[in-house]
Amino acid sequence: MPLSTSPGRAPGGRPFLLAGFGSLLLLMLVAGAYALRTLDQVRNSDLEERNTHLRRDRALDRVRTGIYQSAIFMRDYLLALDEKSGAIQLERFAETRRQTDQALAECTTLIDSREREALGKLESEIQVYWKLLGFISQIPAKNRLKFGSEYLSNQVRQHRAELIEMVDQVDAISARQMAASDARMNETFGRLRRRLTLIVALALGVGLFLGGFTVWRTLRLERELEHRYREVLNTQQELTELSARLVSAQEEERRNISRELHDEVGQSLSALLMEAGNAAAHVPANDTHVRQHVDSIKRLAEASVNIIRNMTLLLRPSMLDDFGLVPALEWQAREVSKRTGIRVQVAAADTAGELPDALKTCIYRVVQEALHNCARHAQARSVRVVVRQEEFRIVLSVEDDGRGFDARRVRGLGLVGMEERVRHLGGAFNIRSAPGSGTKVDVELPLAG
Amino acid sequence: MTRILLADDHTVMRNGLRLLLERQPDLKVVGEAADGRQAVDLAAAKNPDVVIMDIAMPQLNGVEATRQIVNRNPDAAVVILSMHKDESYVIRSLKAGARAYLLKDSAEADLIAAIGAITEGKSFFSPAIRSLLKEDYMHQLDELGAEDSYELLTNREREVLQLVAEGKSNKEIAGMLNLSLYTVETHRTHILQKLNLHSAPELILYAVRKGIIS
């Protein structure tokens with residue numbers, strides 16, 4: 001029953017396993033790629049952010065410096081001893097103002113659009129500051145120092161302090177922006193961590209499931225294999241038993257047919273022969289016609305009796321059942337000698353006594369087959385058959401002086417049959433032969449009890 | 001008048017034999033047995049002169065039945081009439097005490113002659129059996145390349161051998177050859193030794209094989 005279903009099931013798991021392991025690999029690949037990409041992104045944006053922050057800081061610093069410096073140049077203008085050096089101070093002021101405006105413009109491009117308001121306020125206040133400072137240059141030379149200094153310390157200084165405070169506010173915005181970017185990065189990292197954790201957990205789950213499935217499947221395959229192996233063993237054993245039963249059935253059949261032929265057909269023919277004789281006694285001496293027919297009947301019956309006799313002996317020699325193994329072996333030896341000219345010697349103590357039927361049949365058939373081989377293949381001149389009974393076993397050997405063969409390679413059906421007969425009775429079968437050095441068949445059979 | 005017991009498990013065979021035998025005026029069938037055991041019982045009850053015995057029979061085979069009949073009455077003359085044409089059957093029949101061995105297919109031709117010989121104390125074998133035994137013997141001699149041990153016997157021993165094989169007793173032989181009983185016994189022992197034989201049946205078999213008797 002399992003034979004029909006399991007071969008269908010076994011390959012079914014394979015695509016599943018392939019898909020499973022494939023998706024597991026894919027999952028890990030995707031996770032790796034994602035992690036790398038995210039890390040790259042984070043590094044790039046961090047670099048950019050820091051760069052922007054740095055430039056913004058520098059620009060703000062320049063603005064701050066510009067605010068201070070411009071006031072210093074104006075003060076130096078007030079303190080100038082002549083017109084020429086005063087003009088130089090004014091030129092410096094204009095240059096500082098230009099640069100500061102430039103720095104402020106740069107700052108505008110670097111700041112987040114939402115924070116522009118503070119910067120715009122700073123921009124307009126700075127323009128006011130420039131106007132305040134520019135006013136100094138318009139003071140007439142004679143009361144320039146006195147009035148200008150007063151103006152500088154009263155008007156400009158206060159406004160400057162407000163301006164610096166504004167710059168500091170913008171600075172704080174920049175710092176806030178920096179912190180926001182850090183927070184964004186942290187969030188990106190957190191997301192990466194969460195996703196990676198999820199993917200690893202998923203991979204772990206899939207892996208565990210796949211591992212479990214693989215182990216389960218392997219175990220099942222192992223069990224199945226063992227089951228099959230046992231089935232094969234059983235089948236083998238059954239086959240051996242079957243073949244042994246076949247052999248014994250064949251033997252039994254031969255015995256029955258042999259007996260039937262001998263006891264029924266043979267006897268009837270003998271009786272027929274005798275009746276023909278009796279009939280002939282009543283035929284008048286001068287009736288040659290009838291006498292010829294009766295003679296013909298007698299000759300036919302005689303020939304038939306001989307055929308029957310040979311058939312019964314070939315099927316199974318009656319001596320084997322009537323007198324036992326040794327007379328049967330001796331008969332067999334005589335027959336082979338007569339038929340082939342090979343000298344067959346049988347050395348067997350007649351005291352071998354009554355052996356169990358299976359045993360004597362086995363020995364007889366093995367000898368028959370061995371002698372058959374000697375006659376057909378070995379080109380032997382003489383064969384020696386030895387049967388020896390020991391306490392717990394019977395030892396048989398058939399040895400010829402023929403041309404031999406390579407016993408390791410050649411294994412005919414006859415030899416296999418011999419071996420099988422012997423093995424079935426729990427005996428040992430051994431054949432020793434080599435080209436040019438004859439053949440020896442050794443058999444050992446255990447005696448029950 | 002020779003009184004005969006038939007032992008064969010085939011009725012047709014027994015009927016045929018009876019017909020054959022009773023054509024002779026001096027032969028009379030006094031009993032028929034269908035198996036070995038019955039043959040032994042009838043032999044004891046009717047005490048026939050000759051028993052014609054088949055080998056393959058139920059209950060008790062012919063060889064065993066012969067042994068029992070001869071054991072009880074050593075003078076019983078048993079003719080084996082069998083389908084078996086092999087030395088082992090002949091030897092065992094002789095060892096059991098039978099004095100003639102016929103093949104069934106030659107019964108019609110030889111049975112009357114066999115009964116004649118056996119009632120005179122001689123042995124008798126079907127021609128086919130004789131040639132079989134002889135053939136086997138010659139074959140064995142050829143095989144062994146052995147010298148024919150018959151050559152070892154003296155002329156006197158050969159005479160004694162023939163008479164023994166013909167079923168004569170030591171006493172009869174002594175009378176015929178004008179020898180003492182002791183001398184005949186000595187000759188007999190020597191013959192058995194030289195020919196490597198062990199019993200009277202073997203000696204008879206040997207004589208048949210050599211063609212000394214028929």
Side-chain angles (χ1 to χ4, degrees), chain A residues 258-259 261-282 294 298-310 312-313 317-335 337-339 341-345 350 381-382, chain B residues 6 8-24 52 54-58 60-64 81-93 95-96 102-112 126 128 132-133 135-145:
Chain A
S258 173
R259 276 244 179 275
L261 275 178
H262 183 271
D263 290 0
E264 301 304 325
V265 184
Q267 305 277 20
S268 298
L269 281 170
S270 300
L272 177 72
L273 201 61
M274 206 159 37
E275 288 293 3
N278 286 333
H282 295 290
V294 173
K298 276 161 76 175
R299 272 199 307 280
L300 278 173
E302 249 169 39
S304 303
V305 167
N306 274 323
I307 290 169
I308 296 292
R309 186 155 34 224
N310 289 337
T312 59
L313 288 177
S318 49
M319 317 74 182
L320 194 54
D321 296 315
D322 290 343
F323 304 134
L325 179 64
V326 179
L329 287 181
E330 281 170 348
W331 171 79
Q332 176 76 23
R334 279 197 301 275
E335 284 301 301
S337 289
K338 253 189 269 181
R339 219 172 49 239
I342 299 173
R343 197 180 132 203
V344 184
Q345 254 184 301
D350 212 354
R381 274 173 296 117
S382 72
Chain B
L6 289 179
D8 196 308
D9 53 333
H10 288 77
T11 321
V12 196
M13 195 72 206
R14 288 202 306 272
N15 290 342
L17 285 171
R18 184 187 273 271
L19 267 174
L20 176 68
L21 293 169
E22 294 193 334
R23 286 214 301 276
Q24 306 297 319
I52 296 175
D54 185 19
I55 290 183
M57 280 193 295
L60 190 67
N61 72 46
V63 176
E64 284 310 308
L81 184 61
S82 169
M83 279 277 289
H84 293 297
K85 187 182 173 183
D86 185 73
E87 197 184 284
S88 54
Y89 285 92
V90 181
I91 293 172
R92 276 173 173 72
S93 301
K95 281 188 176 166
L102 293 185
L103 284 175
K104 278 194 174 169
D105 38 311
S106 72
E108 191 253 336
D110 297 328
L111 188 57
I112 308 301
S126 284
L132 174 86
L133 294 176
E135 205 179 283
D136 279 349
Y137 180 67
M138 297 314 284
H139 196 77
Q140 276 176 19
L141 279 186
D142 276 358
E143 264 183 1
L144 298 168

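Just so it is clear: chains get the letters A, B, ... in the order the sequence lines come, proteins before strands, and each one is counted from 1.
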Enquirer: Quick check for you: to the nearest 0.5 Å, what is the distance between B:Asp86 atom CG and A:Glu330 atom CD?
Expert: 9.5 Å
Enquirer: Side chains of B:Arg23 and A:Asn278: closer than 4.5 Å at any heavy-atom pair?
Expert: yes
Enquirer: Using a strict 4.0 Å threshold on nitrogen-to-oxygen distance, state whether A:Asp322 and B:Arg92 make a salt bridge.
Expert: no
Enquirer: Nearest heavy-atom pair of A:Gln267 and B:Ala56: which atoms, and what distance?
Expert: NE2-O, 4.5 Å
Enquirer: Ignoring hydrogens, what is the shortest heavy-atom contact between B:Gly16 and A:Glu275? Give both atom names and the distance.
Expert: CA-OE2, 3.7 Å
Enquirer: For chain B, which residues from residues 299-306 of chain A have at least one heavy atom closer than 4.5 Å to it?
Expert: A:Glu302, A:Val305, A:Asn306
Enquirer: So which pairs with a foot in residues 10-21 of chain B pass salt bridge (Lys or Arg N to Asp or Glu O under 4.0 Å), sequence neighbours left out?
Expert: B:Arg14-B:Glu32, B:Arg18-B:Glu22, B:Arg18-B:Glu32
Enquirer: Does any non-hydrogen side-chain atom of A:Thr312 lie less than 4.5 Å from one of B:Met83?
Expert: no
Enquirer: What part of B:Leu17 lies closer than 4.5 angstrom to a heavy atom of chain A: side chain, backbone, both or neither?
Expert: both
Enquirer: Is the shortest heavy-atom distance from the side chain of B:Leu111 to the side chain of A:Met274 under 4.5 Å?
Expert: no
Enquirer: Could you pull out the closest heavy-atom pair between B:Val12 and A:Ala271, with the gap in Å?
Expert: CG1-CB, 3.8 Å
Enquirer: Answer yes or no: is there a side-chain heavy-atom contact under 4.5 Å between B:His84 and A:Arg309?
Expert: no
